[in-house]
Participant: 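Pasting a structure below so you can have a look.
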Amino acid sequence: MITTHLHPSPTPKPRCPSPLHSYSHQHLAVHIPLPRRHRHLARPAAAAAAAPDLLASVESVASAASVLAAIVLVHESGHFLAAASRGIHVSQFSIGFGPALARFRLGPVEYALRAIPLGGYVGFPDDDPESGFAPDDPDLLRNRPVPDRLLVVSAGVAANLAFAFLIVYAQALTVGVPVQAQLPGVLVPEVLPGSAAARAGLLPGDIILAVPGAAPDPSVPVLVDLIKASPSKKVPITVSRTAPGAVDRQSVELTVVPDTSADGTGRIGVQLSPNFRVTRVRPQNLADATVLAVREFTLLTGTVFDGLRQTLLNFSQSAEKVSGPVAIIAVGAEVARSSADGLFQFAAVINLNLAAINLLPLPALDGGTLALILLEAARGGRKIPREVEQGIMSSGILVVLMIGIFLIVRDTLNLDFIKEIL
């Protein structure tokens with residue numbers, strides 16, 4: 001599950017301080033269950049393989065960064081096309097941020113490709129004294145009716161949702177849609193050395209089939225509650241495992257005695273996850289592909305929005321799992337290295353994350369701008385004082401930029417090769 005949490009927006013140019021000046025996405029921040037990474041550093045005996053490994057790593061990072069850049073392009077294109085369709089003045093369209101690598105002008109709009117492909121913005125000349133437009137020009141965004149402004153602000157989210165569906169549809173047509181088949185028991189992916197589970201003989205890969213009061217098919221919540229309620233008590237469990245060199249699984253009876261945590265509850269030092277098998281379903285025709293895509297899109301959308309809700313409701317527990325653009329690219333690169341097919345899901349989920357986060361009614365996000373426009377409509381069309389609006393948006397921009405910088409620094413320091421250097 002990937003759960004979006006924060007998506008900072010950039011600071012407008014000093015000469016264009018209007019909170020409607022740009023819709024920008026310089027820093028992505030999401031709650032990602034980062035996979036356990038293996039070291040890929042070249043060993044002395046494998047020096048000959050270092051160059052191919054490095055090339056593969058560069059290609060995978062480029063693939064992940066390209067996915068993020070494409071998602072930002074789609075989001076900003078939504079804003080841009082919505083504005084153009086209503087005849088609203090636009091002055092800039094930029095992909096990336098930082099120094100411009102290339103720029104050109106078509107009519108009144110300057111298009112730019114910038115060095116860091118993790119953001120972008122659509123600029124409106126509302127408060128630009130050098131734009132040549134009169135302050136009361138009816139085609140400035142700030143002077144348009146509420147419905148037009150709502151359309152422009154929400155178009156980025158709509159574009160990401162549409163793009164996510166197209167990605168899932170393309171996945172269904174090409175490689176098929178993954179379907180999880182639930183299997184009996186609870187999987188144990190990892191056992192901490194020296195833990196109560198390790199002392200009892202529980203091994204990674206074991207499947208817990210039965211525990212007292214939950215036989216014959218326990219669930220993760222039932223096991224967690226049982227372990228917490230049984231500190232220093234013997235808990236008999238039945239597991240299924242594959243012996244070394246064997247093909248068939250065998251049943252093993254174990255007794256685990258949970259250690260006592262600081263809060264008095266029991267713990268055994270394992271990871272637990274539902275036991276399931278993933279298969280790919282390929283459509284027989286376009287109608288079948290549409291059904292599969294709709295079902296998968298609905299599932300992913302529900303997962304992303306529910307994950308965001310859980311993150312916000314339990315922020316103190318989930319804050320450490322919030323990741324910035326560096327971690328997102330690291331995850332995307334690992335996905336690209338392991339399976340090109342996984343880039344479909346990676347791209348779809350990041351699209352949905354970006355849509356979800358931008359709907360939050362927070363300053364500096366699209367949702368915050370939408371909230372201000374709706375507040376204006378509720379006031380009978382009376383505009384919110386500009387100094388109040390700018391103060392709200394500026395404070396929000398400052399906060400999210402600080403969080404974004406913190407996430408980038410933290411995630412960079414957590415990269416494997418950085419840890420090796422340090």
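We count residues from 1, following the sequence as given.
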Participant: Of all the heavy-atom pairs spanning Pro218 and Leu223, show the shortest one and how long it is.
Facilitator: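 Between these two residues, the closest heavy atoms are CB-CG, 4.2 Å.
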Participant: Could you walk me through whether Glu376 and Arg379 pass the side chain to side chain contact (heavy atoms under 4.5 Å, CB included) check?
Facilitator: CA-CA 5 Å; Glu376 176 186 323; Arg379 287 161 47 92; 5.5 Å; no
Participant: Hey, are the side chains of Asn351 and Leu161 touching, using non-hydrogen atoms and a 4.5 Å cut-off?
Facilitator: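 Heavy-atom side-chain distance check fails, nothing below 4.5 Å.
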Participant: Any donor-acceptor pair under 3.5 Å linking the side chain of Arg149 with the backbone of Arg144?
Facilitator: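 Answer holds: yes.
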Participant: I'd like to know if the side chain of Ser251 pairs up with that of Ser240 as donor and acceptor (distance under 3.5 Å, no hydrogens or angles considered).
Facilitator: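 Side-chain D/A pair, Ser251 to Ser240: absent.
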Participant: Asp306 and Arg309: salt bridge (Lys or Arg N to Asp or Glu O under 4.0 Å), yes or no, with the steps?
Facilitator: CA-CA 5 Å; Asp306 183 65; Arg309 181 179 64 85; 2.6 Å; yes
Participant: Out of curiosity, Ile207 CD1 to Asn275 CG, how far, rounded to the nearest 0.5 Å?
Facilitator: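 So the CD1 of Ile207 and the CG of Asn275 are separated by 4.0 Å.
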Participant: Check whether any side-chain N or O of Asp126 sits under 3.5 Å from a backbone N or O of Arg142 as a donor-acceptor pair, and report yes or no.
Facilitator: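 Side chain of Asp126 to backbone of Arg142: a pair is present.
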Participant: A side-chain contact here means heavy atoms from C-beta on lying under 4.5 Å apart; do Leu372 and Thr369 qualify?
Facilitator: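 When only atoms from C-beta onward are counted, Thr369 and Leu372 do not touch, as no gap falls below 4.5 Å.
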Participant: Given Tyr121 and Ile95, is the side chain to side chain contact (heavy atoms under 4.5 Å, CB included) satisfied, shown in steps?
Facilitator: CA-CA 7 Å; Tyr121 59 89; Ile95 297 300; over 6 Å; no
Participant: Does Arg280 reach the main-chain N or O of Gly176 with its side chain, forming a donor-acceptor pair under 3.5 Å?
Facilitator: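 Judged by distance alone, yes, a pair lies under 3.5 Å.
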Participant: Where do Pro184 and Leu209 come nearest, in terms of heavy atoms and distance?
Facilitator: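 Heavy atoms only, the tightest pair is O-CD2, 4.3 Å.
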Participant: Can you tell me if Lys383 has over 12 outside heavy atoms packed within less than 6.0 Å of its NZ?
Facilitator: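 Result for NZ/Lys383: enclosed.
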Participant: Counting only heavy atoms from other residues, nucleotides and ligands, does the tally under 6.0 Å from CZ of Arg277 exceed 12?
Facilitator: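 No, CZ of Arg277 has 12 or fewer neighbouring heavy atoms, counting only those of other groups under 6.0 Å.
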Participant: Arg295: what forms a salt bridge (charged side-chain N to carboxylate O under 4.0 Å, His left out) with it, not counting sequence neighbours?
Facilitator: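 None.
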Participant: Run the side chain to side chain contact (heavy atoms under 4.5 Å, CB included) check on Leu202 and Leu254 step by step: do they pass?
Facilitator: CA-CA 8 Å; Leu202 203 61; Leu254 300 174; 3.8 Å; yes
Participant: Just wondering, do Phe344 and Val168 contact through their side chains at under 4.5 Å, heavy atoms?
Facilitator: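 No, their side chains stay 4.5 Å or more apart.
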Participant: On a heavy-atom basis, which atom in Pro204 and which in Pro189 lie closest, and how many Å separate them?
Facilitator: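 Shortest heavy-atom separation between Pro204 and Pro189 comes out as CB-O, 3.6 Å.
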Participant: Can you confirm whether Leu173 sits close enough to Leu286 that some side-chain heavy atom of one is under 4.5 Å from a side-chain heavy atom of the other?
Facilitator: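 Yes, at least one pair of side-chain atoms sits under 4.5 Å.
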Participant: Could you walk me through whether Leu192 and Val270 pass side chain to side chain contact (heavy atoms under 4.5 Å, CB included), step by step?
Facilitator: CA-CA 6 Å; Leu192 296 180; Val270 297; over 6 Å; no
Participant: Might you point out which heavy atoms bring Ser91 and Pro125 nearest each other, and give the distance in Å?
Facilitator: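 Of all heavy-atom pairs spanning Ser91 and Pro125, the closest is OG-N, 3.8 Å.
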Participant: Under the 3.5 angstrom rule, does the side chain of Thr255 hit a backbone N or O of Val235 as a donor-acceptor pair?
Facilitator: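 Not a single qualifying donor-acceptor pair exists.
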Participant: Locate the shortest heavy-atom distance separating Pro236 from Pro212; write the atom from each residue and the value.
Facilitator: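 Minimum heavy-atom contact is O-CD, 3.0 Å.
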Participant: Tell me whether Thr260 contacts the main-chain N or O of Gly264 through its side chain, where contact means a donor paired with an acceptor under 3.5 Å.
Facilitator: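 Pair absent, no side-chain N/O of Thr260 close to backbone of Gly264.
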Participant: Considering only heavy atoms from C-beta outward, does the side chain of His75 approach that of Leu354 to under 4.5 Å?
Facilitator: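 Yes, side chains in contact.
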Participant: Give, for atom CD of Gln271 and atom CG of Leu187, the distance between the pair rounded to the nearest 0.5 Å.
Facilitator: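 Separation between the atoms: 9.5 Å.
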Participant: Donor-acceptor check, side chain of Asn358 to backbone of Ala355, threshold 3.5 angstrom: yes or no?
Facilitator: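 Judged by distance alone, no pair lies under 3.5 Å.
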Participant: Output the distance between atom CD (Glu296) and atom OG1 (Thr301), rounded to the nearest 0.5 Å.
Facilitator: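 Spacing of CD (Glu296) from OG1 (Thr301) equals 9.5 Å.
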Participant: In Å, rounded to the nearest 0.5 Å, how long is the span from CD1 of Ile208 to OG1 of Thr238?
Facilitator: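 It is 10.0 Å, given to the nearest 0.5 Å.
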Participant: Mark yes or no for whether Ser230, through its side chain, and Ile227, through its backbone, hold a donor-acceptor pair below 3.5 Å.
Facilitator: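 Side chain of Ser230 to backbone of Ile227, a donor-acceptor pair under 3.5 Å: no, none is there.
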Participant: Mind checking whether Leu141 and Val152 have side chains closer than 4.5 Å, heavy atoms only?
Facilitator: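 Of all side-chain heavy-atom pairs linking Val152 with Leu141, at least one is under 4.5 Å.
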Participant: What I'd like to find out is whether the side chain of Phe165 reaches to under 4.5 Å of the side chain of Val294, using heavy atoms alone.
Facilitator: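 They are in side-chain contact.
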Participant: Rounded to the nearest 0.5 Å, how far does OG of Ser94 lie from OH of Tyr111?
Facilitator: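 Nearest 0.5 Å value for the OH-OG distance: 12.0 Å.
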Participant: Where do Ala229 and Lys233 come nearest, in terms of heavy atoms and distance?
Facilitator: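 Here Ala229 and Lys233 meet closest at O-NZ, 4.0 Å.
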Participant: Salt bridge or not between Glu110 and Arg103? Use side-chain N to carboxylate O under 4.0 Å.
Facilitator: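 Yes, this pair counts.
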Participant: So for atom CD, which belongs to Gln284, do other residues, nucleotides or ligands contribute more than 12 heavy atoms lying within a distance under 6.0 Å?
Facilitator: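 No.
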Participant: Rounded to the nearest 0.5 Å, what separates atom CZ in Arg199 from atom CG in Asp259?
Facilitator: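 It is 4.5 Å, given to the nearest 0.5 Å.
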Participant: Indicate yes or no: at least one non-hydrogen side-chain atom of Leu292 is less than 4.5 angstrom from one of Tyr169.
Facilitator: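 Answer no - side chains too far apart.
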